[in-house]
Amino acid sequence: MTTNHLYLVDGSGYIFRAYHRLPPLTNRHGVPAGAVYGFTTMLWKLVDDLHKADGPTHLAVIFDASSKTFRNDLYDKYKAHRPPPPEDLVPQFPLIRDATRAFSVPCIEQPGLEADDIIACYAKAALAKGWQVTIVSSDKDLMQLIEPGLDMLDTMNNRRLGADYVVEKFGVPPAQLGEVLALMGDSVDNVPGVPGIGPKTASQLIQQFGDVEAVLANAETITKPKLRQSLIDHAANARLSRELVRLVCDQPLPEPLDDLALKGLPPEPLRAFLEEQGFRSLLLKVGGPSAEPVSAPAAIAEEAEPPFVHKEYETVVTEEALDRWIADGFAASMIAVDTETDHIDCMRARLVGVSLATAPGKACYIPVGHTGDGLLSETPAQLPLDLVLTKLKPLLEDPATLKIGQNLKYDLVMLRRNGVDVAPYDDTMLLSYDLDAGLTAHGMDDLAMRHLDHACIEFKTVCGTGKNQISFDKVPLDRATEYAAEDADVTLRLWRKLKPRLSPEAATRVYELVDRPLVPVVAEMERAGVHVDREELARLSGEFAGEIARLEAEIHALAGSPFTIGSPKQLGEILFDRLGLKGGRKGKTGVYSTDVNELERLAGDGAEIAAKVLEWRQLAKLKSTYTDALQAQINPATNRVHTSFSLAVAQTGRLSSTDPNLQNIPIRTAIGRRIRDAFVAAPGKLILSADYSQIELRLAAHMAEVPALRDAFARGEDIHNLTAMELFGEVNRETRGRAKTINFAILYGISSWGLAGRLGVDRIEAQAMIDRYFDRFPGINRYIAETLTKVREQGYVTTLFGRKTHLPGIRSSKQGERQAAERQAINAPIQGTSADIIKRAMVRMGPALAEAGLADVTMLLQVHDELVFELPESDVPAASAVIRRVMETAAEPAIRLSVPLGVEIGTGHSWGAAH
DNA sequence: TGGTTCACG
DNA sequence: GACGTACGTGAACCAG
């Protein structure tokens, strides 16, 4: 029997080295994957060497957990100057974990320990059992571990490193290497060392005296005066450095040694991964492309899945059961998670339970906050919330275990409020959004029906509806378990269907670089909330109420009798039937149109009642939708308003905002703007608003390659003036207004009818303007034609980042639907690219502000082309510079635009004042 | 529940 | 010649 041989791969070290050594490859759909490719090849080689002489029998890949380690407690500046990893490396981290999983090799990470320490612990444990150990790394710190039975392997030049190498390079054997490393310090990790001592001097001193303490003890005897003084002055730093470079090797092993046994190349998961990445040369080695090339990810999806059996879900009420599920989660290295609460608003909700799924059909529910209904049922026996959270936290935060959620933002907010972070993660709702936008809604019930042919237990059958509805904490545990565990089970099954489609369908880029990383960013914005001046809102409500009452009386007098002004039906009958004003019927319902255009027309003709109804409507709208509603939306616990941003609703990639909608707070009229003035900064702080200027027109100029528009933006000219000049030969208020309308018409997918209606000209005249526009701005025409060709062929259009909007209406037999789809096809790439860009700015904003030391700057809101922050007054200059830079460069480096992105920044005590 | 209106980008 | 009256959202209100 041969000796066991454990290979420990320093995953984090390898990633950075591969990133810098290998060309910046991208995988088949444009996501940076050079390091992933290098890593995959290296892992392949190792696994393939199973049972060769000197090959591995046991293998694990060790990563750094991103959290702080004990070394930061020793020295707060440890690794403090590390720049964040390069942007095109960041999306490779999850892929590298996917690769490791595809080989069925364990990923090991442990918060509080660096990869080096975990490696040291495993190495010592294996040596103690008489195993051989090879550390796959060329990190000098790890060379301290070299001893008989343990060597290192540098896979990039296929070199084995032993004690000879250490002696040759550092002049001392591995056992003394830590002493040398301590004296010389390390500028990258910010290990201070002793100033003036580099590798040569450090080596000499240790060779002469033996260790750091001995060197310090003999400092007085050193002849070189500068060296002597430096050692005396920096003795404390030398001792600190000695502790910083010392590897910890006495910690418990996260996974037992025997679990690292290598089983060889697992063809199916590996094939799926390679096809997903498009690593064709490796794919050939695993046995060529599978019979059905693009369905290869079906390796996962086509596995027969068990039916849904609700009675088999487990209700977890003992510590033993909880521990068992958590161990299963670690073992599976992925787990679906769902939280149940007593409220749809995650800022008001209490945690009621958590469900987990580790495999299709294998799911549980852990109740923590059920109360019984107070009448028929008592509070059921459950594990205490704190215990469950304490036990779940290591699993949910474990960097080697993938957490899968459906609309994970909700659970993220809930869990963060309870002191738990969740990472790494996937979100099935966002997977669906990035794959199937325009084809389906992305709620769990929709997705379960579509992909699993399964009807989920409806919330209302568990909790009822209307005034009989109960909150989830009142649901009996058996019913709650069936519902909640099913959610986790469905989520896991959906992930298995959707995740493998990502790469073949070219959605990885937008998922990994835009939507997935946005989840925790938006979760934090929602948690932050925004401060509103309650008294001011109440004052406005009162003021509006008075005006509304006054107008109501006047309107009723003009009409000759009271009626419901808010009823379009009654209003239309009053205006057109009783008062005999000119107007027409409309729509299938047969009610008169009384919208703002119609009323303005009537008012222009001298109808006093129409003017008053308009005024009444405005005030009624402002009062009911804003001043009254916002007061009611103030969270009593935080005294702030917390909107909910929907990440998977808008067809184009935009966010939307609900409960309350803070993306449609008035600004266009003076009276409405007073509501915006009630959005105020907390005491001592200011609101900062940063707007992209004309971003959609700029993107249109880039995407359609319109030289005149590109040049005008490059020179910083007013684009509507330019358009007016080109179309009408002169610039004045009137021509500029028309030009602006036409510019918007272009973005929205122009039709001569629509433009004619907007401009109040006839169809022929509108068409002439469009023709002239196409003539003056060549490129627009071509963009429209190419976009329409593409959408007709493929059924979808894409943004610059590859986000798809499917437009099935393009093949409708109804002409109206077809034309609507054509207009959407023109608009979606432009609106969607703008959404991609601001999302990237949001993702980068936190790290950029943190790097600049601006920890007190909080991002509060996104309004499509605007980001709103709250910050200390003294941070305004520095924060403005960071925010401007992040927003203006948000497309880079993935996309290089031919137009600059302009950002306008304003500050004030209120949102209104910041504009 | 669907239709209408109107707040925003 | 008919078709249709700009893209994307969410909330309040009325009426059936």
Side-chain angles (χ1 to χ4, degrees), chain A residues 437-438 563-572 586-599 613-614 616-630 632-633 643-646 649-669 671-673 675-676 691-697 700 741-763 766 770 797 805 807 812 814-832 834-835 838 861-866:
Chain A
F563 68 101
T564 309
I565 304 170
S567 162
K569 184 162 176 281
Q570 291 187 37
L571 176 64
K586 215 188 149 185
K588 19 194 185 300
T589 52
V591 294
Y592 290 111
S593 170
T594 62
D595 68 12
V596 67
N597 294 318
E598 199 68 11
L599 292 181
V613 169
L614 278 170
W616 181 92
R617 278 228 184 116
Q618 184 189 22
L619 290 169
K621 176 89 172 184
L622 295 179
K623 181 169 184 292
S624 70
T625 310
Y626 300 105
T627 57
D628 289 352
L630 279 171
Q633 288 280 0
T643 184
S644 173
F645 287 103
S646 306
V649 169
Q651 308 295 307
T652 53
R654 275 189 175 182
L655 303 186
S656 77
S657 163
T658 63
D659 309 306
N661 181 354
L662 296 186
Q663 291 182 320
N664 70 347
I665 301 302
I667 191 170
R668 290 173 187 173
T669 64
I671 184 138
R673 199 170 303 182
I675 293 163
R676 210 169 263 237
D691 273 74
Y692 281 113
S693 151
Q694 310 274 22
I695 186 169
E696 293 194 3
L697 270 177
T741 300
I742 297 172
N743 279 328
F744 275 103
I746 297 293
L747 298 180
Y748 294 155
I750 198 159
S751 82
S752 53
W753 269 104
L755 185 62
R758 287 273 157 155
L759 288 178
V761 301
D762 66 34
R763 215 190 69 103
I770 293 169
V797 289
T805 298
L807 294 164
S812 167
K814 295 180 192 141
Q815 186 176 219
E817 283 181 16
R818 255 187 346 260
Q819 288 174 333
E822 288 173 4
R823 292 193 298 271
Q824 291 165 2
I826 304 299
N827 177 253
I830 300 168
Q831 186 180 115
S834 166
I838 196 167
L861 297 174
Q862 186 252 45
V863 194
H864 311 308
D865 64 356
E866 175 189 11

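A note on names: the letters A, B, ... follow the listed sequences, proteins ahead of strands, and every chain is numbered from 1.
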Name the nucleic acid region contacted by [X], choosing base, sugar-phosphate or nothing; use a 4.0 angstrom heavy-atom cut-off, strictly under.
{"X": "A:Ile667", "answer": "sugar-phosphate"}
{"X": "A:Gln815", "answer": "base"}
{"X": "A:Thr741", "answer": "base"}
{"X": "A:Glu866", "answer": "nothing"}
{"X": "A:Asn664", "answer": "base"}
{"X": "A:Ala650", "answer": "sugar-phosphate"}
{"X": "A:Ser834", "answer": "nothing"}
{"X": "A:Arg654", "answer": "base"}

Please state whether the phosphate of [N], meaning OP1 or OP2, lies under 4.0 angstrom from any side-chain nitrogen or oxygen of [X].
{"X": "A:Ser751", "N": "C:dT5", "answer": "no"}
{"X": "A:Thr594", "N": "B:dT5", "answer": "yes"}
{"X": "A:Ser624", "N": "C:dA11", "answer": "no"}
{"X": "A:Gln570", "N": "C:dA15", "answer": "yes"}
{"X": "A:Arg823", "N": "C:dC7", "answer": "yes"}
{"X": "A:Gln819", "N": "C:dC3", "answer": "no"}
{"X": "A:Arg758", "N": "C:dT5", "answer": "no"}

Atom pair distance, as rounded to whole Å: [atom1] in [X] and [atom2] in [N]:
{"X": "A:Tyr748", "N": "C:dT5", "atom1": "OH", "atom2": "P", "value": "16 Å"}
{"X": "A:Leu619", "N": "B:dT5", "atom1": "CG", "atom2": "P", "value": "19 Å"}
{"X": "A:Ile750", "N": "C:dT5", "atom1": "CD1", "atom2": "C1'", "value": "13 Å"}
{"X": "A:Phe744", "N": "B:dC8", "atom1": "CZ", "atom2": "P", "value": "13 Å"}
{"X": "A:Gln651", "N": "B:dG9", "atom1": "CD", "atom2": "P", "value": "21 Å"}
{"X": "A:Glu696", "N": "C:dG8", "atom1": "CD", "atom2": "C1'", "value": "9 Å"}
{"X": "A:Lys621", "N": "B:dA7", "atom1": "NZ", "atom2": "C1'", "value": "5 Å"}
{"X": "A:Lys814", "N": "C:dA2", "atom1": "NZ", "atom2": "P", "value": "20 Å"}

>> Looking at A:Gln831 and C:dC7, is any side-chain donor or acceptor paired with a base atom of the opposite kind under 3.5 Å?
In response: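 Yes, a donor-acceptor pair under 3.5 Å.
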>> So, under a plain 3.5 Å distance rule, would you say the side chain of A:Arg668 forms a donor-acceptor pair with the base of B:dG9?
In response: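 Side chain to base: pair present.
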> Under the criterion side-chain contact (heavy atoms from CB on, under 4.5 Å), which of A:His864, A:Glu696, A:Gln651 is the partner of A:Gln831?
Replying inline: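 So the option named by the test is A:Glu696.
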> Taking atom types as modelled, is there a side-chain donor on A:Ser751 or A:Gln819 under 3.5 Å from an acceptor on the other?
Replying inline: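 The criterion, which ignores hydrogens and geometry beyond distance, is not satisfied for A:Gln819 and A:Ser751.
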> Using the P atom in both, what is the distance from B:dT5 to C:dT5, to the nearest Å?
Replying inline: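 Comparing P positions in B:dT5 and C:dT5 gives a spacing of 14 Å.
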> When you compare C:dA6 with B:dT4, how far apart are their P atoms, in angstrom units rounded to a whole number?
Replying inline: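 To the nearest whole Å, 15 Å.
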